[in-house]
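Structure record follows, encoded as structure tokens.
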Amino acid sequence: MITLTFPDGARRQYAPGTTGFEIAKGISPSLAKRTVAMALDGMLADLSDRIERDAKIEFVTRDDPRALELIRHDCAHVLAEAVQTLWPGTQVTIGPVIENGFYYDFFRNEAFSPEDFPAIEKKMREIIAKDKPFTKEVWSREDTKQVFADRGENFKVELVDTIPAGEPIKIYKQGDWFDLCRGPHMTLTGKVGSAFKLMKVAGAYWRGDSRNPMLTRIYGTAWPDQAQLDQYLHQLEEAEKRDHRRLGREMDLFHFQEDAPGAVFWHAKGWTLFETLVAYMRRRQQEAGYLEVNTPQLIDSSLWVASGHMEKFREMMFLTEKHEDDERVYTIKPMNCPGHIQIFKNGLKSYRDLPLKIAEFGKVHRFEPSGALHGLLRVRAFTQDDAHIFITEEQIAEQTLAINNQLLSIYSDFGFDDVRIKFSDRPSKRLGDDAVWDKAEAALKLALEKSGRPWTLNEGEGAFYGPKLEYVLRDAIGRDWQCGTIQVDLNLPGRLGAFYIAPSGEKVVPVMLHRAMFGSLERFIGILVEHYAGHLPLWLAPIQARVCTITSDADSYASDLVQAATRAGLRVDADLRNEKITYKVREHSLAKIPLLLVVGKKESAERSVSIRRLGSPEQKSMAWEDALAMLRAESGPPDVKRLQEAA
RNA sequence: GCCGGCUUAGCUCAGCUGGUAGAGCACCCGCCUUGUAAGCGGGAGGUCGCAGGUUCGAUCCCUGCAGCCGGCACCA
């Protein structure tokens with residue numbers, strides 16, 4: 001006999017091989033009817049599974065949160081059956097559950113289009129209405145391959161080979177239709193319900209490899225009930241409203257145009273934001289002892305040959321054409337490091353000069369694949385808050401740790417407190433001996449351990465010249481963005497002939513750390529706009545306050561306020577147009593102006609303002625002097641405020 | 001780069017099976033001097049992404065190219 005423990009703590013004995021369904025039915029027929037799967041020791045399993053060992057058992061009903069992935073997975077199978085019924089000859093591949101839904105990849109000579117969705121969804125509803133039982137069979141490896149081969153399902157045959165030896169080959173049937181699948185599934189197709197929707201079609205490479213054939217992927221979403229589906233669709237609409245490309249236009253920050261794919265036209269307001277971030281980072285770098293420099297945009301390609309970029313990074317680089325009067329080919333810099341090494345090399349350096357921290361807001365150009373471009377988040381021309389720190393080998397851990405700490409402090413100033421660290425080790429395409437890589441990776445790991453922060457390994461994702469740490473921010477709506485990076489480089493300084501004089505009088509090649517905090521200013525701004533949904537904090541807002549007149553009688557008073565505020569270093573302007581105040585409030589609210597200072601006859605007579613904050617209908621009347629003082633205090637950058645508080 | 005889709009006024013979008021275009025908002029002008037998320041009236045604005053082709057005739061059909069969008073691959 002085996003002993004099963006129930007959620008209420010009760011223990012009962014059963015004959016080995018009893019199925020979950022039998023047990024549920026024994027407890028109550030209605031429970032058996034409601035149950036869609038079970039969990040054995042916390043692991044989801046088919047209700048039809050025979051239980052052979054002692055275990056904790058729970059019955060999972062359809063409204064159990066754990067049933068959600070089953071609903072989605074079953075829905076994927078229903079989708080696959082529907083597609084194969086409508087278009088015989090289509091090959092099935094894989095159909096996993098993903099966040100908020102599922103997808104299924106198909107192979108067919110002709111791609112699917114969203115226009116096919118109504119027909120597919122209709123067929124899916126028929127399959128669900130038939131309420132066919134999901135049944136599991138275990139087949140032999142050879143039989144499985146033969147069956148799928150006979151049906152022309154070549155991708156499935158290939159999948160069978162990826163299943164490790166010793167694992168059962170499981171086939172799930174829903175009526176006549178069946179699929180190779182790890183499971184588990186619910187009991188009946190009817191349990192999928194009706195709250196599902198096909199979302200989009202996309203191409204996807206077989207097994208994620210661009211050398212493989214492209215499949216057609218159909219994405220869908222599925223929920224326990226219609227209300228949750230509706231809520232999800234509503235959420236998607238809301239997310240669209242905070243898209244930085246849309247907000248960038250509405251807030252008049254920047255634009256793109258066809259002539260310059262992947263390059264930003266920064267408008268005055270966007271550029272103010274950009275410069276505000278640069279000023280912030282400049283202060284933070286000065287406090288940490290960096291020296292800011294500037295290096296050429298175009299450098300003779302021979303330098304990039306020496307650095308190894310031409311060999312390992314060529315396809316990402318823009319090169320000039322040979323000029324009639326000058327046979328040289330120049331490279332538009334894709335990175336700042338070779339330039340910074342030139343500055344290091346200029347003049348003899350001593351070990352006493354180390355660590356030497358060279359920083360640049362360097363604009364780099366990289367030939368990103370056209371399909372990768374995405375607003376500000378992925379561009380071809382971008383500005384890095386880049387720095388290269390020249391040190392001795394002994395200083396690697398200590399300097400890495402210092403950068404790590406400053407990075408976290410900086411992110412926190414923007415409200416990013418959930419930061420993950422990824423450690424990327426040697427890639428296949430790399431410079432330098434393995435012994436050098438061993439050393440670099442070990443030093444980075446040591447620094448990570450000293451920081452005491454958790455990290456994950458990102459295998460083979462390092463830069464071609466060294467391993468790296470990558471800092472991933474989680475934004476206000478839970479999306480992850482890679483921003484900062486610290487890279488240990490034991491290759492480039494030597495290749496480019498950099499050295500310092502050690503205490504012994506010998507020439508020694510320095511170690512170089514590459515680091516970026518924002519990463520790309522362009523990308524960081526895109527992330528910020530979405531993170532704040534356009535509601536930038538006062539210190540970042542391009543226009544911090546807008547004075548709105550109610551009648552033209554207040555025009556000159558309004559102009560006085562703007563002048564006084566501007567002299568106080570604030571970014572304030574006025575709307576003197578002959579429009580109703582409701583009209584002005586609406587317009588400037590949509591433009592995400594943080595503060596509206598409304599002035600009419602009353603205010604101009606008593607030298608006050610009526611303040612309205614973005615996102616709140618409240619109005620607060622204050623004397624102008626008080627309002628100005630409040631604005632000044634509130635609009636300070638976080639690092640400046642910290643210094644003021646400390647003083 | 002790959003797969004699919006899209007490209008009409010500054011923005012959002014209509015435009016039936018081919019007969020050279022329309023709305024709302026924005027813009028300009030006039031009226032209203034206005035009290036916290038859209039006052040009223042009028043006007044102007046488009047080589048329908050670019051280049052070819054089919055046709056008596058193309059925004060519409062076909063081909064190529066570009067950009068964008070959604071994924072995939074790649075990545076700050």
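To find a chain, count down the sequence lines: A is the first, B the second, and so on, and within it residues start at 1. Only a predicted model underlies this, so the values are computations on that prediction, with no experimental measurement involved.
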Tell me: [atom1] of [X] to [atom2] of [N], nearest whole Å?
X: E579(A); N: A37(B); atom1: CD; atom2: P; result: 15 Å
X: D575(A); N: G35(B); atom1: CG; atom2: P; result: 15 Å
X: R523(A); N: A76(B); atom1: CZ; atom2: C1'; result: 5 Å
X: F464(A); N: A76(B); atom1: CZ; atom2: P; result: 12 Å
X: L198(A); N: G4(B); atom1: CG; atom2: P; result: 19 Å
X: K620(A); N: U36(B); atom1: NZ; atom2: P; result: 19 Å
X: I486(A); N: A76(B); atom1: CD1; atom2: C1'; result: 15 Å
X: K312(A); N: C74(B); atom1: NZ; atom2: C1'; result: 18 Å

Taking only Lys NZ, Arg NE, NH1 and NH2, and the carboxylate oxygens of Asp or Glu, determine whether D243(A) and K241(A) approach each other closer than 4.0 Å. no
[X] side, atom [atom1]; [Y] side, atom [atom2] - distance, nearest 0.5 Å:
X: L536(A); Y: K269(A); atom1: CG; atom2: NZ; answer: 12.5 Å
X: M317(A); Y: R366(A); atom1: CE; atom2: CZ; answer: 11.0 Å
X: R523(A); Y: W481(A); atom1: CZ; atom2: CH2; answer: 7.0 Å
X: I527(A); Y: S520(A); atom1: CD1; atom2: OG; answer: 8.0 Å
X: L561(A); Y: L628(A); atom1: CG; atom2: CG; answer: 9.0 Å

Rounded to whole angstrom, note down the [atom1] distance from [N] over to [M].
N: G49(B); M: A58(B); atom1: P; value: 15 Å
N: U47(B); M: U8(B); atom1: C1'; value: 13 Å
N: C75(B); M: A38(B); atom1: C1'; value: 44 Å
N: C29(B); M: G67(B); atom1: C1'; value: 37 Å
N: C60(B); M: U55(B); atom1: P; value: 16 Å
N: C40(B); M: C61(B); atom1: C1'; value: 46 Å
N: U12(B); M: C68(B); atom1: P; value: 15 Å
N: G43(B); M: A26(B); atom1: C1'; value: 14 Å

Residues two or more places apart in sequence or in another chain: which of them pass side-chain contact (heavy atoms from CB on, under 4.5 Å) with S113(A)? E115(A), D116(A)
Looking just at side-chain N and O atoms, do [X] and [Y] make a donor-acceptor pair shorter than 3.5 Å?
X: Q487(A); Y: T485(A); result: yes
X: T295(A); Y: K333(A); result: yes
X: R72(A); Y: T221(A); result: no
X: D489(A); Y: H514(A); result: yes

Less than 6.0 angstrom from the centroid, inside 45 degrees of the normal: does [X] satisfy that with respect to the ring of [Y]?
X: K312(A); Y: F464(A); result: no
X: R108(A); Y: F112(A); result: yes
X: R607(A); Y: Y557(A); result: no

Between the base of A76(B) and the side chain of E368(A), is there any donor-acceptor pair under 3.5 Å? yes
No-H, no-angle donor-acceptor pair, R612(A) side chain to A37(B) base, under 3.5 Å: yes
May I ask you to say what [X] touches in the nucleic acid, namely base, sugar-phosphate or nothing, with a heavy-atom cut-off under 4.0 Å?
X: E470(A); result: sugar-phosphate
X: V379(A); result: base
X: K468(A); result: sugar-phosphate

Listing time: all N or O pairs from protein to nucleotides 64-72 of chain B that are below 3.5 Å?
| residue | atom | partner | partner atom | Å |
| --- | --- | --- | --- | --- |
| C69(B) | OP1 | R245(A) | NH1 | 2.7 |
| G70(B) | OP1 | R245(A) | NH2 | 2.8 |
| G70(B) | OP2 | R245(A) | NH1 | 3.3 |
| G70(B) | OP2 | H374(A) | ND1 | 3.4 |
| G71(B) | O3' | Y219(A) | OH | 3.2 |
| G71(B) | O2' | Y219(A) | OH | 3.1 |
| G71(B) | N2 | G203(A) | O | 3.3 |
| G71(B) | N3 | G203(A) | O | 3.4 |
| C72(B) | O4' | G203(A) | O | 3.1 |
| C72(B) | O2' | Y205(A) | N | 3.0 |
| C72(B) | N4 | G371(A) | O | 3.4 |

Between W266(A) and F274(A), is a ring-ring contact (aromatic ring centres under 6.0 Å, His included) present by the stated rule, with each step listed? CA-CA 9 Å; W266(A) 284 106; F274(A) 191 106; 5.5 Å; yes
Of L215(A) and Q619(A), the one whose closest nucleotide on RNA chain B sits nearer the 5' end is L215(A)
Comparing E115(A) with T485(A), nearest RNA chain B nucleotide closer to 5' gives the residue E115(A)
Of all of residues 581-607 of chain A, which get a heavy atom below 4.0 angstrom from RNA chain B, listed by number? I581(A), T582(A), Y583(A), V585(A), R586(A), S589(A), L590(A), V598(A), G600(A), K601(A), K602(A), E603(A)
Output the residues of residues 541-554 of chain A in contact with RNA chain B, where contact means a heavy atom of the residue under 4.0 Å from an atom of the strand; sort by number or write none. I550(A), T551(A), S552(A)
Strand RNA chain B in bracket notation, Watson-Crick/G-U under 3.5 Å with | for pairs to another chain: (((((((..((((.....[..)))).(((((.......))))).....(((((..]....))))))))))))....
Please test K584(A) against T549(A) for side-chain hydrogen bond (donor to acceptor under 3.5 Å, both in side chains), starting from the C-alpha separation and ending with a verdict. CA-CA 9 Å; K584(A) 293 185 181 182; T549(A) 51; 3.1 Å; yes
Please determine if a side-chain N or O atom of K580(A) lies less than 4.0 Å away from the OP1 or OP2 oxygen of A37(B). no
Given G4(B), G1(B), U36(B), the nucleotide with the shortest approach to the side chain of P369(A): G1(B)
Write out a two-atom table: protein N or O, nucleotide N or O from nucleotides 9-17 of chain B, distance below 3.5 Å.
| residue | atom | partner | partner atom | Å |
| --- | --- | --- | --- | --- |
| U12(B) | OP1 | R249(A) | NH2 | 3.3 |

Short side-chain to backbone donor-acceptor contact, R217(A) and Y104(A), under 3.5 Å: no
Test log, rule ring-ring contact (aromatic ring centres under 6.0 Å, His included), inputs H255(A) and F265(A): CA-CA 5 Å; H255(A) 85 266; F265(A) 287 80; 4.6 Å; yes
